[in-house]
Amino acid sequence: MFGTYERFNLVRGSFGRHASNTYIFEDYYKHGLLRLGNNFTGDSLNNTDFAFDIKLTVNGAPVKYSYFADEGSLVFSSHGARAEIALTSRNHFRIRGENCGVRLELRSASRFAGGNSARALRGVFAKPDGSGTEAEFGRFGKLFFKAISGNYVVNAQFDRNSNCYAYMTIDFVPDASTGEFDAAIHDYQDKLWPFGEYEEFDELVEDNREDYSAFSKIYRAPAAGYEEMTKYAIWTVWSHRTKAIGSFKQPHILFQNSWSCAAAPWQQSYNAMAMLGDPSEAWRQICLMFLYQDERTGRVPNMVTYSSPPMAGMQPAFQGFALDYLFRKLGDEFITPEEAARMYPKMAAWINYWITYRNAGRGDDVTVVLSPHESGWDDSSQYKDGFPAEDPNTMTFLILLMEAVAKLAAKIGKDEESQEWISRSRRLCKTLISEYWNGEKFVTKVKGKNVNDAQSLANFQPIILGKRLPQEIIDKIAATMTTDGEWLTEIGLATENVNSSLATYGISFICGRVVGPLNMIIAVGLQAAGKQKEAELVARRFCDQVKREGIILGYAPYNYYKRDGSKADQQIPPQPADGWPWSSWSANCFLTMVTGVIGQG
């Protein structure tokens, strides 16, 4: 899958495993050098103090190596010297070597580290019982080193002038008689988990493969031509899936492992949309963030990380759109009456939060957003005229969530409440069409005035209402989305009209770049509206770009600006922006399109 001589390497992606907090990546500035870190803190790899260089040693000296990684393990080798790392779901990972040693050297990525590359280290000591050595790294947790065969040597140097560690290495060395070693490294926050007997290394690798294979069954088979990239996409989601640990009450799917190591509420629902092979898991994903819902207000938090409680802020009520898609594909039988009873009050409270705390003050269910982040589109030109903004996108999500909540109410015998939710949904939909469609697109309103000059792709997002929209609106949006040279490019839909003066392809999210989430949303919306051919056109262009360039969140459509021919801004890697690291968010959008849109005509 990933490697020195493979189509994709680990410079943008990261090697991980379901339920492991450890990840491995290739250093952008020192190509060929692998580094190891963890996602306990959520620190990005370009500023973390906790990252180890992984060096292959022969006779104690580092040598250059090549590597190959797949779902089972990561192998790195050089001229007969071979080492292998396998992650586990049980708070440790294993390293073994043949005709070589392996050195882990702590090297901070922070520009503030100076000469103290090991400043994350707080102390290191050998266990009195001789079982191994423990190193403590403050908020990054602890590591416990244990030799199963062969040996290891820890070298740590403390700088008294700066009052922190300047240097730390752990050298795993082979047994003199066999030339081999096998070691376990445990990672944890407070105390060492009991580990019992270690399995054979080959059994561990096979267990990883079986775990990935079992997870793959959550997804349906992709459209022809996308099989190989689907394996990469499923692997990306699988390797970003946590277990119930730290602040995570259940397994979540992280946005990224090595950059933005957080679980966001709408991204859990994005993941759910692709899980057509396991509706119960899809439903669990949609319900996940309600575990952290504010019981007083009904707000669903902005995101959760391993080490932080649910964060302030919020994201749009995307759950209704995800459920609408699943209902079209699977029906609603996967939601039992018991589950409906559990989630009905929670989802109703989430709607009421928006209606209460983001009400536009008109006496109806029209809402506003107070920042672009509440819509999910952080730099959309829709919000160029400021806030509060009456946003048709967030209202569209509420319309669909009201319908979904009506289904839940009906499942538990609350027929009057179900009808009331349906009525509210239809009234809001009617208002959206009559007041926010300007004949060309849906527009945001600020202080009662239409933001007509915004040229964001998000202006067309209400297409997800499908056949609830009048046919003339459906036809207009479908024609606009499939006209080359406006939003449509060779690699998918640009998030800002390519002729717009605001379009930028540098460090931006949805102000020009071609990004997975909005391409998936538009494609699914076109399909829901009966425009399968147009939906496939959009989906294929984006997914073909993923096949060429990898599973990053967004791509620059051109290297120049069509408005004036000037050279386009470029992202200078590496950074956590959408154009650099692989992410589960882009992976799930790709999976939804290749399993649910393309080839479904």
Participant: Please table the atom pairs, donor to acceptor, closer than 3.5 Å between any side-chain atom in residues 403-413 and protein atoms at least two apart or in another chain.
Facilitator:
{"from": "Glu403", "atom 1": "OE1", "to": "Arg468", "atom 2": "NE", "distance (Å)": "3.4"}
{"from": "Glu403", "atom 1": "OE1", "to": "Arg468", "atom 2": "NH2", "distance (Å)": "2.9"}
{"from": "Glu403", "atom 1": "OE2", "to": "Arg468", "atom 2": "NE", "distance (Å)": "2.8"}
{"from": "Lys411", "atom 1": "NZ", "to": "Asp332", "atom 2": "O", "distance (Å)": "3.1"}
{"from": "Lys411", "atom 1": "NZ", "to": "Ile335", "atom 2": "O", "distance (Å)": "3.0"}

Participant: Using every non-hydrogen atom in the two residues, find where Gln250 and Thr242 come nearest and quote the distance to one decimal.
Facilitator: O-OG1, 4.1 Å
Participant: Any side-chain heavy atom of Lys329 within less than 4.5 Å of one from Gln600?
Facilitator: yes
Participant: Apply side-chain contact (heavy atoms from CB on, under 4.5 Å) to the pair Met395 and Tyr436, showing each step before the final yes or no.
Facilitator: CA-CA 11 Å; Met395 285 188 274; Tyr436 296 86; 3.9 Å; yes
Participant: Between Tyr344 and Lys414, is there a cation-pi geometry (under 6.0 Å to ring centre, at most 45° from the normal)?
Facilitator: no
Participant: Which class fits the ring pair Tyr270 and Phe318: parallel under 30°, tilted 30 to 60°, perpendicular over 60°?
Facilitator: parallel
Participant: What orientation do Trp238 and Tyr212 show, parallel under 30°, tilted 30 to 60°, or perpendicular over 60°?
Facilitator: perpendicular
Participant: Taking the six-membered ring for Trp, are the ring centroids of Trp350 and Trp266 within less than 6.0 Å of each other?
Facilitator: no
Participant: Mind telling me whether Phe509 and Trp585 have parallel, tilted or perpendicular rings, with 30° and 60° as the class edges?
Facilitator: tilted
Participant: Show the nearest heavy-atom pair for residues Asn519 and Leu493, with the distance to one decimal.
Facilitator: OD1-N, 2.8 Å
Participant: Among all residues two or more places apart in sequence or in another chain, which pass the salt bridge (Lys or Arg N to Asp or Glu O under 4.0 Å) test with Glu435?
Facilitator: Arg362
Participant: Identify which one of Phe2, Phe25, Trp259 satisfies the ring pair (Phe, Tyr, Trp, His ring centres under 6.0 Å) criterion when paired with Trp582.
Facilitator: Phe2
